[in-house]
Protein chains: 4
Amino acid sequence: MEMPTKRLELLYAAARAFAEQGFDSANINEIASQAGLGKGTVYLYFANKKALYLGVIEYTVTSFNNLADHIMALPVSNWEKIEQVVHTFLTLDEEFIPFLTLWARHQFHHATEFQEDMAQIFSRLRQPLCEIVAAGVEQGEFHTEYPETMGYVILSLLAMLVPELQVPYGMPTIPRDQRSTLALDVIRKILGVNLEP
Amino acid sequence: MEMPTKRLELLYAAARAFAEQGFDSANINEIASQAGLGKGTVYLYFANKKALYLGVIEYTVTSFNNLADHIMALPVSNWEKIEQVVHTFLTLDEEFIPFLTLWARHQFHHATEFQEDMAQIFSRLRQPLCEIVAAGVEQGEFHTEYPETMGYVILSLLAMLVPELQVPYGMPTIPRDQRSTLALDVIRKILGVNLEP
Amino acid sequence: MEMPTKRLELLYAAARAFAEQGFDSANINEIASQAGLGKGTVYLYFANKKALYLGVIEYTVTSFNNLADHIMALPVSNWEKIEQVVHTFLTLDEEFIPFLTLWARHQFHHATEFQEDMAQIFSRLRQPLCEIVAAGVEQGEFHTEYPETMGYVILSLLAMLVPELQVPYGMPTIPRDQRSTLALDVIRKILGVNLEP
Amino acid sequence: MEMPTKRLELLYAAARAFAEQGFDSANINEIASQAGLGKGTVYLYFANKKALYLGVIEYTVTSFNNLADHIMALPVSNWEKIEQVVHTFLTLDEEFIPFLTLWARHQFHHATEFQEDMAQIFSRLRQPLCEIVAAGVEQGEFHTEYPETMGYVILSLLAMLVPELQVPYGMPTIPRDQRSTLALDVIRKILGVNLEP
DNA sequence: AATGAATGAGGCTTCATTCAT
DNA sequence: CATGAATGAAGCCTCATTCAT
């Protein structure tokens, strides 16, 4: 799928603006400037502001799915896949953070924009953690009665630990190099994984 | 339920509107109507739209703190306090849900509105879970190296399970009567609480 | 005509507000407060804001006419009457200044408010200077081909010299005790009055 | 007369509206229409209503200064310069009248709008009459002890005689062709100029 | 493909006015 | 007579969107 550069630049500029200011406050003019384009040109790539927003979300879902596909295809144990997911999440490229911010805002349902369209787009979002936990439970590697729910719990945990993503008000900042350890420690407890004997 | 003052009716109508539509899309005119008032009357109680929004957040924080104060004052074990928090969270009055929605949107930092003012208001928000976990760890009741962080992790877990609060996209709906059990089960694991000796 | 105190206080408060801020910017609420009354009470004395404004102008015209009547009835020469007018103008009571301000604003036609009503009210305003000049010309005391117009020219001169009334931008402030002399000097020239021989 | 820029058309439309209705009552929407533009277009040229008003005043001051510069540069006697000023004032283009109206409203201090900004703008307004009178006095051509004040007195006289500018209430209308004569006659008396030797 | 001048719907906010007490 | 809570018309201003170039 060939993606013209300008369209991609627009998506990145839009993601930054939407993540920082929200849908309503974000300014089409400013987004265009940030993408090195004139205001009117935006409308050659996207029908309107809403379409631009949905375009950003689409791009986010596709990117996430690509990461998920890659990890799921690895010939390793479920636990090692989880380690991969954690590592991937906690070392995302900085310029991807705005997309991650928007994803979190919708994934955990706090955003109000276009909920109908969101439901449709998010239905295509792969949830590797859920898949891994389910597989692990089936293979006796993990132990939980609610594998899918635990997938989301872990996801939420990771979102709280992602660097650059704003952590909850009041939560102490975990040093970068301890995040992985902390996350895996909690996940191990949740999934009842035995440390090596 | 009888609503004592006009100001309070406004806060509830505003909370519903802001939770459903966000700050920008919410309409002062509509909020006033919902509160059974004329447009201009809103400005007798709040200087402007922003003040109304902050008023809603203030009310939320105060309400939460009252609940927290009550629970923290109970003469019971830390674990029982956690049970109280879980129960309180999962059985909040339906008309409080809009406030909860707004709280979640800011607590987990996904909202963009008035971040400076939010920081100030949220600095006054008590975090009973953090307090309880810290006390429990000190008294040997719980075991974790990151008591405060675990407080927030548990908080996030509860937010995901609150009925009527929109759960994460894709997460299966947990039956009402199993939510408490599920939450306490996970919390027990996270905090290393022994079931029965 | 018995004038209730409250009505008069309202007129003074209104004159101050209208003179300082103009008709549109003046605030009924504030005027009421200044008069020691509640907002709603204003409407017991005046039908609406416009009627209040016209009431102020009416009061101004009546006051001016009373002064004029007094001076015109004096058994003195025309020149001495002019001296009286000048003196009266330059020593008006401070609390009358707002009325004078409003008068000047309309007399010299720069104000936009209610021009139709103003024409009617101002048609009742006596112009003693015009009368005096006309009489003086007839009696050979003054010399000018445009007696009425000269009356207005002199009036304008006085308005520029009235203490507390804002003088034109840039015009140097004439010391209080020289104003009378200056005015009479110019008037003498305009009317061709011979100094005593 | 061809109007070069949109900005200029706006200034003229605004001047008409502000002169006729005052700052508060004038309607941005209507001004835009009068200038053949849409409401929003006004804001491409002026930041807000106040800026538009100040723009009009600025334009007035600049125009006046241009006229003054031209007259002051003429190689003629001071009296002839005064004749030029009188002639210029009394034959101003009709479409300049709104600007003149606004100028008079502020020059003679009856307007309430933006007095701080006005003081600044008016400080740049040249007063040719004051300059001419001062020069004439110095050169023995005129005789008065208050040259600067007399400049403003003459200015006020002219303002009262400008055609189309609303004259004072009650003042008889001087036929167009006699205004110049009348004005010069009074000025001559004020400045003690000898008719013919 | 690119632009940005022009537009006007929409929304917040003010404040004169009303009216029940 | 007096009040002030409540109202809603009116107007400024923003900004997504259009379209002629």
Side-chain angles (χ1 to χ4, degrees), chain A residues 4-7 10 23-33 35-53, chain B residues 5-7 10 21 23-33 35-53, chain C residues 4-7 10 23-33 35-53, chain D residues 5-7 10 21 23-33 35-53:
Chain A
T5 299
K6 295 287 184 186
R7 189 177 195 276
L10 263 173
F23 178 78
D24 286 298
S25 295
N27 185 304
I28 287 273
N29 200 5
E30 206 179 319
I31 292 173
S33 296
L37 291 174
K39 189 181 5 171
T41 313
V42 174
Y43 291 86
L44 298 180
Y45 293 97
F46 298 93
N48 50 38
K49 200 183 186 184
K50 175 179 174 181
L52 176 57
Y53 191 85
Chain B
T5 75
K6 299 250 166 76
R7 191 189 140 89
L10 268 172
Q21 317 175 43
F23 178 77
D24 286 301
S25 296
N27 185 303
I28 287 271
N29 208 351
E30 207 178 320
I31 291 173
S33 295
L37 293 173
K39 186 180 12 172
T41 310
V42 175
Y43 292 88
L44 297 182
Y45 295 95
F46 298 93
N48 48 41
K49 199 184 185 183
K50 174 180 175 180
L52 177 56
Y53 192 85
Chain C
T5 299
K6 295 287 185 186
R7 189 177 195 275
L10 263 175
F23 178 77
D24 285 298
S25 295
N27 185 303
I28 287 274
N29 200 5
E30 206 179 320
I31 291 173
S33 297
L37 291 173
K39 190 181 5 171
T41 313
V42 174
Y43 291 86
L44 298 179
Y45 293 96
F46 297 94
N48 49 38
K49 199 184 187 184
K50 175 180 173 182
L52 177 56
Y53 191 85
Chain D
T5 74
K6 298 252 167 74
R7 192 189 140 90
L10 267 172
Q21 317 176 42
F23 178 78
D24 285 302
S25 295
N27 185 304
I28 286 272
N29 209 349
E30 208 178 318
I31 291 174
S33 296
L37 295 173
K39 186 181 15 172
T41 311
V42 175
Y43 293 88
L44 297 182
Y45 296 94
F46 298 93
N48 50 40
K49 198 184 186 183
K50 175 180 173 181
L52 177 56
Y53 191 84

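Chain A is the first sequence line, chain B the second, and so forth, proteins listed ahead of strands; every chain is numbered from 1. Remember, it's a predicted structure, so these values are computed and weren't measured experimentally.
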So, applying side chain to side chain contact (heavy atoms under 4.5 Å, CB included) with B:K49, which one of B:V42, B:N27, B:I28 is it? B:I28

Give D:L44 one of three labels, base, sugar-phosphate or nothing, depending on what nucleic acid heavy atoms sit under 4.0 Å from its own. base

When rounded to whole Å, the CZ to C1' distance for the pair A:F46 and E:dA1 reads 15 Å

Across the strands shown, which category fits B:Y45 at heavy-atom distances under 4.0 angstrom: base, sugar-phosphate, nothing? sugar-phosphate

Taking atom NZ of A:K39 and atom CG of A:N29, what is their separation to the nearest 0.5 Å? 5.0 Å

Given E:dA16, is OP1 or OP2 found less than 4.0 Å from the side-chain N or O atoms of C:K49? yes

Quick one: on DNA chain E, does B:N48 or D:K39 contact a more 5' nucleotide (nearest heavy atom)? D:K39

Do B:K6 and B:L37 come within less than 4.5 Å of each other through their side chains, counting heavy atoms only? yes

Please name the pair of heavy atoms, one in A:G38 and one in A:A32, separated by the smallest distance, quoted to 0.1 Å. O-CB, 3.7 Å

How is A:A26 classified with respect to the nucleic acid when contacts are heavy atoms under 4.0 Å: base, sugar-phosphate, or nothing? sugar-phosphate

Using chain D heavy atoms and a threshold of under 4.0 Å, write down where along DNA chain F the contacts begin and end, 5' to 3'. F:dG11 to F:dT14

Length of the line joining C:D24:CG and E:dA16:P, which is rounded to integer Å: 9 Å

First of B:G36 and C:T41 reached from the 5' end of DNA chain F, by closest nucleotide: C:T41

Given that C:S25 and C:A47 both sit by DNA chain E, which one's nearest nucleotide is further toward the 5' end? C:S25

So which heavy atom on D:A51 is nearest to which on D:A47, and how close? CB-N, 3.9 Å

Check step by step if side-chain contact (heavy atoms from CB on, under 4.5 Å) holds for A:L52 and A:I31. CA-CA 10 Å; A:L52 176 57; A:I31 292 173; 4.3 Å; yes

Which whole-number value in Å describes the distance from D:Y43 OH to E:dA9 C1'? 14 Å

Taking all non-hydrogen atoms of both residues, which atom of D:Y43 and which atom of D:N48 are closest, and how far apart? CE2-CA, 3.8 Å

Quantify the bending of the helix from E:dA2-F:dT21 to E:dT21-F:dA2 as the angle between its end axes, each fitted on five pairs, to 10°. 10°

Atom CZ of B:F23 and atom P of E:dG11: how far apart are they, to the nearest Å? 13 Å

Between atom CD in A:E30 and atom P in E:dG4, what is the gap in whole Å? 16 Å

